There are 2 protein chains.
Amino acid sequence: DTRILVFGNEKGGAGKSTVAMHVAVHLLHLGKRVAFIDLDLRQRSLARFFSNRAKWAAANEKALPMAFEPHLHDKPASLLTVPEAEARQAFDRALDEAIEQADYIIIDTPGGDHVLSRRAHAVAHLIITPMNDSFIDFDLLGEVDPVTLDVKRPSIYAETVWNSRKQRAVWDGKSIDWIVLRNRLAANEARNRKRVDERVQALGKRVGFEVLAGLRDRVIYRELFPFGLTVADLSAEIRPVAVSLTHIAARAELRALMGSLGLEAGEE
Amino acid sequence: DTRILVFGNEKGGAGKSTVAMHVAVHLLHLGKRVAFIDLDLRQRSLARFFSNRAKWAAANEKALPMAFEPHLHDKPASLLTVPEAEARQAFDRALDEAIEQADYIIIDTPGGDHVLSRRAHAVAHLIITPMNDSFIDFDLLGEVDPVTLDVKRPSIYAETVWNSRKQRAVWDGKSIDWIVLRNRLAANEARNRKRVDERVQALGKRVGFEVLAGLRDRVIYRELFPFGLTVADLSAEIRPVAVSLTHIAARAELRALMGSLGLEAGEE
Ligand SMILES: Nc1ncnc2c1ncn2[C@@H]1O[C@H](COP(=O)(O)OP(=O)(O)OP(=O)(O)O)[C@@H](O)[C@H]1O
Ligand SMILES: Nc1ncnc2c1ncn2[C@@H]1O[C@H](COP(=O)(O)OP(=O)(O)OP(=O)(O)O)[C@@H](O)[C@H]1O
Ligand SMILES: [Mg+2]
Ligand SMILES: [Mg+2]
């Protein structure tokens with residue numbers, strides 16, 4: 001049965017598209033059939049990644065494992081202005097097509113609220129929420145008191161996930177797993193990291209998400225985007241950038257991430 | 001005459017709110033009257049910053065220079081669902097109120113397209129667009145060929161600014177300055193930085209923006225958000241975090257930024 005992974009965070013630039021592309025390519029290298037749906041209808045970073053990938057592979061005559069995108073719309077951005085029922089229909093058709101053909105469906109969502117993003121959250125098996133080590137990012141999950149630094153209440157994105165879980169419970173009684181993933185971690189920010197982490201952990205217990213250490217801020221995680229490649233694709237034949245020791249660290253980090261997400265070879 | 005500074009980038013997480021808050025506080029410390037309008041109607045990071053600031057100052061009995069927010073709406077998020085004409089009216093009234101009372105108006109806009117964001121871009125004296133050193137961020141400004149890495153054409157956010165400039169020319173014949181500001185720069189990414197920089201510079205010549213080195217990625221630029229403070233506020237009496245040498249570097253960096261934006265003391 002197809003696993004649906006939704007990369008969600010209403011906070012912009014948290015790393016949804018970056019983590020999504022790396023998870024997708026990792027799954028491809030594990031031999032899985034991977035479909036993607038890019039619901040960031042104007043920006044389309046994930047779709048751009050795979051379009052770059054196809055063009056780069058063709059021009060360089062390299063074989064690269066590819067994810068496929070089910071047909072959503074000839075002009076995806078127009079789904080932002082059509083009636084909601086029509087947008088939902090387009091999404092449901094694309095999702096059905098993906099379920100037919102894929103082991104995993106990667107759904108990238110925009111920073112910001114949209115009916116299709118909410119619908120994607122409600123159909124997910126697992127919601128993956130990257131976030132920066134930052135109270136600005138945390139502000140979308142939980143409201144923090146400026147004087148005590150206590151988490152006062154869940155914030156708008158925690159509400160979005162809450163509502164999606166309620167919706168799903170109504171539809172088929174199933175629950176949705178939710179993981180918050182620290183992203184763009186820097187080497188020497190112990191005090192701030194600890195402060196943010198304590199609030200994230202506290203909120204996670206309250207609203208039901210697990211917190212995982214994710215990815216360090218590494219240039220290799222963004223440097224290969226124009227080619228549609230990730231560090232997992234690099235090899236003797238595929239070398240648009242010089243090799244570096246940080247690539248080894250990045251590969252290890254990605255393997256650990258996939259393991260902690262329950263997505264490693266042999267797991268479902 | 002009031003100067004209107006719009007922080008815009010359809011790309012999420014580029015640093016609009018972070019740079020906006022630091023510019024605002026710097027202007028306040030220069031003795032300017034500063035108003036802000038936060039058009040990120042759900043997220044409201046800039047409004048949250050100043051709300052944190054007021055509460056922190058009150059609870060700690062400290063005097064802090066404050067920016068004021070003209071009345072936009074009792075529930076700003078409802079402006080996302082009202083008819084566009086009504087939203088524009090609310091914005092125009094808030095802008096008029098700010099013009100009456102401020103030397104500088106800081107307008108923060110969302111990652112993503114919205115009628116009020118476009119309207120703000122059209123009324124700006126200066127559009128400030130922070131961006132990460134990343135082809136993902138650049139993809140919103142210009143489309144890059146995966147094989148040649150040439151900039152093929154302007155992308156959706158460059159079109160947004162283009163349309164805003166056309167709109168403004170129709171309204172009053174004035175031109176709008178546009179600065180792209182590199183943000184979250186890391187220490188050791190020379191190859192990627194050079195690659196991105198060459199495309200940014202090339203596009204800047206084509207579509208009319210200046211490129212400035214902006215801010216390094218420094219934890220101090222995000223660590224003080226929960227208190228509504230910036231490094232410029234820190235002093236013997238105002239010390240929610242221990243002093244560090246990086247604060248000196250940050251202050252120097254911010255002064256240089258303000259100078260390169262034409263916002264230093266003595267300039268208009
Ligand atoms: N672990 C990382 N290491 C290095 N750079 C990263 C990492 N994660 C994200 N980035 C960079 O941070 C920026 C934001 O990442 P990304 O675009 O993936 O976030 P997003 O949540 O999809 O944003 P949006 O809300 O705009 O869709 C991009 O420039 C990206 O290249
Ligand atoms: N120069 C910097 N140094 C350190 N952290 C930064 C810097 N600039 C931005 N950040 C952090 O990067 C993240 C994104 O910044 P910010 O929220 O200001 O961007 P934005 O463009 O306003 O995003 P959105 O599109 O969601 O409104 C935040 O976690 C912020 O704290
Ligand atoms: Mg994205
Ligand atoms: Mg913002």
Side-chain angles (χ1 to χ4, degrees), chain A residues 10-18 40 42-45 48-49 51-56 58-60 77 80 110-114 132-140 143-149 156 184 186 188-189 191-193 195 199 217 219-220 222-228 241-242, chain B residues 10-18 40 42-45 48-49 51-56 58-60 77 80 110-114 132-140 143-149 156 184 186 188-189 191-193 195 199 217 219-220 222-228 241-242:
Chain A
E10 196 162 328
K11 181 65 185 82
K16 301 177 284 296
S17 305
T18 295
D40 198 335
R42 278 174 61 88
Q43 211 164 285
R44 302 271 292 163
S45 309
R48 170 79 70 205
F49 173 83
S51 152
N52 289 345
R53 189 177 181 83
K55 291 177 184 166
W56 188 90
N60 289 281
L80 290 165
D113 182 50
H114 185 258
N132 288 288
D133 251 355
S134 172
F135 278 98
I136 286 195
D137 281 45
F138 185 71
D139 197 42
L140 281 280
E143 201 186 310
V144 168
D145 184 281
V147 183
T148 64
L149 289 197
I156 58 171
R184 299 198 71 173
N188 46 10
E189 306 181 350
R191 176 182 61 213
N192 181 63
R193 171 161 316 150
R195 261 189 190 147
R199 279 81 203 163
D217 196 323
V219 67
I220 193 63
R222 62 184 116 99
E223 192 174 14
L224 303 177
F225 173 82
F227 314 110
V241 301
Chain B
E10 197 162 327
K11 180 66 184 83
K16 300 176 285 295
S17 305
T18 294
D40 197 335
R42 277 174 62 88
Q43 213 165 283
R44 302 270 294 163
S45 310
R48 171 79 71 206
F49 173 82
S51 152
N52 289 346
R53 188 178 183 81
K55 290 177 186 168
W56 189 89
N60 289 280
L80 291 165
D113 184 50
H114 186 259
N132 288 289
D133 253 354
S134 171
F135 278 98
I136 286 194
D137 281 44
F138 185 71
D139 197 42
L140 280 281
E143 200 187 311
V144 168
D145 184 281
V147 183
T148 64
L149 289 197
I156 58 170
R184 297 197 73 174
N188 46 10
E189 307 181 350
R191 176 182 60 214
N192 181 64
R193 171 160 319 150
R195 261 190 191 145
R199 279 81 202 163
D217 197 323
V219 68
I220 194 65
R222 62 184 116 98
E223 193 174 12
L224 304 177
F225 174 81
F227 314 111
V241 301

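Given the structure is predicted, the values throughout are model-derived calculations rather than measurements. Every chain is numbered from 1 and lettered A, B, ... according to where its sequence line falls, protein lines coming before strand lines.
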Query raised in the report: Considering only heavy atoms, which portion of A/Lys16 lies under 4.5 Å from any heavy atom of chain B: side chain, backbone, both, or neither?
Result: neither
Requested in this report: Sort B/Arg48 into side chain, backbone, both or neither according to what part of it lies under 4.5 angstrom from a heavy atom of chain A.
Outcome: side chain
**Report entry** Side chain, backbone, both or neither of B/Pro226 within contact of chain A (heavy atoms, under 4.5 Å)
**Finding:** both
Report task. Give, as side chain, backbone, both or neither, the part of B/Arg195 having an atom under 4.5 angstrom from any heavy atom of chain A. Result -> side chain
Query raised in the report: For A/Ile156, is it the side chain, the backbone, both, or neither that has a heavy atom closer than 4.5 Å to a heavy atom of chain B?
Result: both
Requested in this report: Sort A/Ala242 into side chain, backbone, both or neither according to what part of it lies under 4.5 angstrom from a heavy atom of chain B.
Outcome: both
Query raised in the report: Between B/Gln43 and A/Gly12, what is the shortest heavy-atom contact and its length?
Result: OE1-N, 4.1 Å
Report task. With a 4.5 Å cut-off on heavy-atom pairs, point out which of B/Arg191, B/Glu143, B/Arg193 contacts chain A the most. Result -> B/Arg191
**Report entry** Heavy-atom proximity to chain A below 4.5 Å, by part of B/Asn132
**Finding:** side chain
**Report entry** B/Trp56 to B/Phe227 - nearest heavy-atom pair and separation
**Finding:** CB-O, 3.3 Å
Query raised in the report: Between A/Thr18, A/Ile136, A/Val144, A/Val147, which has the largest tally of heavy atom pairs under 4.5 Å with chain B?
Result: A/Ile136
**Report entry** Distance-minimising heavy-atom pair for A/Ala77 and A/Arg42
**Finding:** CB-CG, 4.3 Å
Query raised in the report: Does A/Asp113 reach the main-chain N or O of A/Glu10 with its side chain, forming a donor-acceptor pair under 3.5 Å?
Result: no
Report summary line: In terms of heavy-atom pairs under 4.5 Å with chain A, the winner among B/Asp133, B/Asp139, B/Asp145, B/Leu224 is B/Asp139
Report summary line: Pair count under 4.5 Å, heavy atoms only, with chain A: among B/Asp217, B/Asp137, B/Val241, B/Asp40, highest is B/Val241
Query raised in the report: Checking B/Arg184 side chain against B/Gly15 main chain: does a donor-acceptor pair fall under 3.5 Å?
Result: no
Query raised in the report: When rounded to the nearest 0.5 angstrom, what is the spacing between CZ in A/Phe49 and OG in A/Ser17?
Result: 11.0 Å
Query - Contact origin within A/Asn188 toward chain B - heavy atom pairs under 4.5 Å - result: neither
